[in-house]
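One structure is given below, encoded as structure tokens.
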Number of protein chains: 2
Amino acid sequence: MEPRQGAQAIRRALAVLRILAAGREDGVPLAEVVRATGLTRPTVHRIVHVLIEEGIVERHERTGRYAIGNQVPELALARARPSRLLVAANPSLRRASAEIGDTLFLTVRTGNDTLCVDRRIGVYPIQVLSIEVGARRPLGVSSAGVAILAAMPAQDARKIVAANEKRYEAYRTDVATVMGEIAAARRLGYGMREIGLVQGTKSISTWIKTPDGRPAAAMTVSAVRTRLGPRREQEVAEILLREARIIEQAIRG
Amino acid sequence: MEPRQGAQAIRRALAVLRILAAGREDGVPLAEVVRATGLTRPTVHRIVHVLIEEGIVERHERTGRYAIGNQVPELALARARPSRLLVAANPSLRRASAEIGDTLFLTVRTGNDTLCVDRRIGVYPIQVLSIEVGARRPLGVSSAGVAILAAMPAQDARKIVAANEKRYEAYRTDVATVMGEIAAARRLGYGMREIGLVQGTKSISTWIKTPDGRPAAAMTVSAVRTRLGPRREQEVAEILLREARIIEQAIRG
DNA sequence: TTGCCCTGTCCATAATATGGACAAGAACGC
DNA sequence: GCGTTCTTGTCCATATTATGGACAGGGCAA
């Protein structure tokens, strides 16, 4: 069903945009976009510069990096309403945040990426704040990504992981490691990372499925590792699993 | 400087997106996109359907209309910070809103469109609320658009108006009318519409220029016509002009 | 100096996107 | 009922468009 043709250039431009989005405000060097997309440099160069002329991409004077331009939020204003998921998850995030006390994240799947769409800071004095709303990463490099991959049919997960292969290098991981983590998450019932992307942190993620059974999001707790021993890991996982089921019900409504 | 080639399809896709953005949540029928962009129907059809596959565009089941998809806000999250203008204009909008009591709009120029980026509701019991944040229209059909056009070199304005010609029909106006309104705004020092887009309303807009002298935005008051007689029009215009200059200073800082 | 990695540009070529023509469904008038 | 006019969707030969190999310049480290 997917392969409608006659628009290669448009698909490529979007692939470039998604990589640039992962670079947030700082942007991404051209060479990195080339690596991540697998396109040739002249092609990426041409696409990026046309997008600059169109106002969709900006280039930082100092660094030469390319970033999402301000015409993208302008287009996004056409869709002012917050998403169904965000509304449905709100009470659960508040409840779980109060109960757990560590930083909570809501992360959605978008294409081959995870995208952080909400964050709640807890009451405990040490909070992991490195991931911000808007943070975007290849599925598989964060515990949320692993959880989402674990919740989908093995074949689909494998396809996504393979598609992200070129991007894993930048996050110091690889296909084999990710596949192992997915298998572990399936056994456990939730995603987990002893070594978070930030040194000394640990994360636990549960998946949230849409009514049709496909994972759409993950709810994550991140904390300094010492605060998430085996006993507390169990406790936190239970809260997350409980709230994930509640959110799934709320989406249905 | 502009004409970099080798990406016709990408430019066309963006032109389509900008038209779809004008349709907000409801979207736009294919035929309307064809008219507004001047592209052929097969081309628009192909572009729109590729964008649907990519998640950038959505199609409403009931109406068959095409609208901006939720992947656009997702990309926009990469740029979380509010724009410089929005921050700079905030105090002026609050002050002017309190002073005037009618609905205030802040509208930016984006390409050949105006885009409403902020709205303040006043204290007077009858408020013009038809224009919402995110509303997008061809430059020239609203008083804000006329104000922005009036503030740029005549030749540039003429070019934009000509480019929007095909879209004016849908708003029951035409190139000659718009050019006349621009000339009137230049004489007055601000944009004005006796007959607003909504029946029985009247609008007054002042332009806001960036440090390099190009108009970037407009500040607008809309009210029921009876509330904006010649005397009050003068008063309101003076407040708007004063605040516009203050915003221009604030952007500079 | 050399080597390496970055960005930018050219242009012959192949592949891509194009749009005329055709089709079919929906809404309206009579 | 039937024609008219609106809409959206699809096909495919064609030529226009996008492609990427090859080349070049700049910055930095050894």
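Here is how names work: the chains are called A, B, and so on, in the same order as the sequence lines, proteins then strands, and each is numbered from 1. As the structure is a computational prediction, the values presented were derived from the model and not from experiment.
When the P atom of D:dT7 is taken as reference, atom CZ of B:R65 falls 12 Å away, rounded to whole Å. Between the CZ atom of A:R46 and the C1' atom of D:dT17 there is a distance of 9 Å, rounded to whole Å. Distance CD1 (A:I52) to P (C:dG8): 8 Å, rounded to an integer number of Å. When rounded to the nearest whole Å, the span between CD of B:Q8 and C1' of C:dA17 equals 8 Å. Computed from coordinates, the B:L39 CG to D:dT8 C1' distance equals 16 Å when rounded to whole Å. If you measure from atom CD1 of A:I47 to atom P of C:dA17, you get 11 Å, rounded to the nearest angstrom. The CZ atom of B:R62 sits 18 Å away from the C1' atom of D:dT7 (whole-angstrom rounding).
Along DNA chain C, the nucleotide nearest A:I10 and the nucleotide nearest A:R41 are compared for position; the residue whose nucleotide lies closer to the 5' end is A:R41. Nearer to the 5' terminus of DNA chain C, by closest-nucleotide assignment, is the contact made by A:V28 (compared with the other of A:V28 and B:A9). When each of A:P42 and B:Y66 is assigned the nucleotide of DNA chain D bearing its nearest heavy atom, the one mapping closer to the 5' terminus is B:Y66.
For B:T43 and C:dG19, the shortest distance from a side-chain N or O to OP1 or OP2 is below 4.0 Å.
A salt bridge links A:E194 with A:K202: at least one charged nitrogen is closer than 4.0 Å to a carboxylate oxygen. Remark: A:E25 does not engage B:R79 in a salt bridge, criterion side-chain N to carboxylate O under 4.0 Å. Under the 4.0 Å criterion applied to side-chain N and carboxylate O atoms, B:D113 and B:R167 are assigned as salt-bridge partners. Using a 4.0 Å cut-off between a side-chain N of Lys or Arg and a carboxylate O of Asp or Glu, A:R214 and A:D212 qualify as a salt bridge. Note on A:E53 versus B:R11: salt bridge recorded, some NZ/NE/NH1/NH2 to OD/OE distance being below 4.0 Å.
Distances from the side chain of B:H45 to the nucleotides D:dT7, C:dT18, D:dG9 place D:dG9 closest. Nearest nucleotide to the A:L30 side chain, out of D:dT8, C:dT18, C:dG8: C:dG8.
Backbone-only engagement by A:R12 is indicated by non-hydrogen atom pairs under 4.0 Å involving sugar-phosphate atoms exclusively.
Counted by atom type alone, A:S222 and A:S203 present one or more donor-acceptor pairs between their side chains at under 3.5 Å.
With hydrogens and angles ignored, the 3.5 Å screen pairs no side-chain donor or acceptor of A:T107 with any backbone N or O of A:T114.
The structure places OG1 of A:T37 at 12.0 Å from CZ of A:R18, a figure rounded to the nearest 0.5 Å.
Rounded to 10 degrees, the angle separating the terminal helix axes of the helix from C:dT1-D:dA30 to C:dC30-D:dG1, each built from five base pairs, is 30°.
Applying the ring-ring contact (aromatic ring centres under 6.0 Å, His included) test to every pair with at least one member in residues 13-45 of chain B, sequence neighbours left out, gives these pairs: B:H45-B:H49.
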Would you tabulate the nitrogen or oxygen pairs shorter than 3.5 Å linking the protein to nucleotides 12-14 of chain C?
none

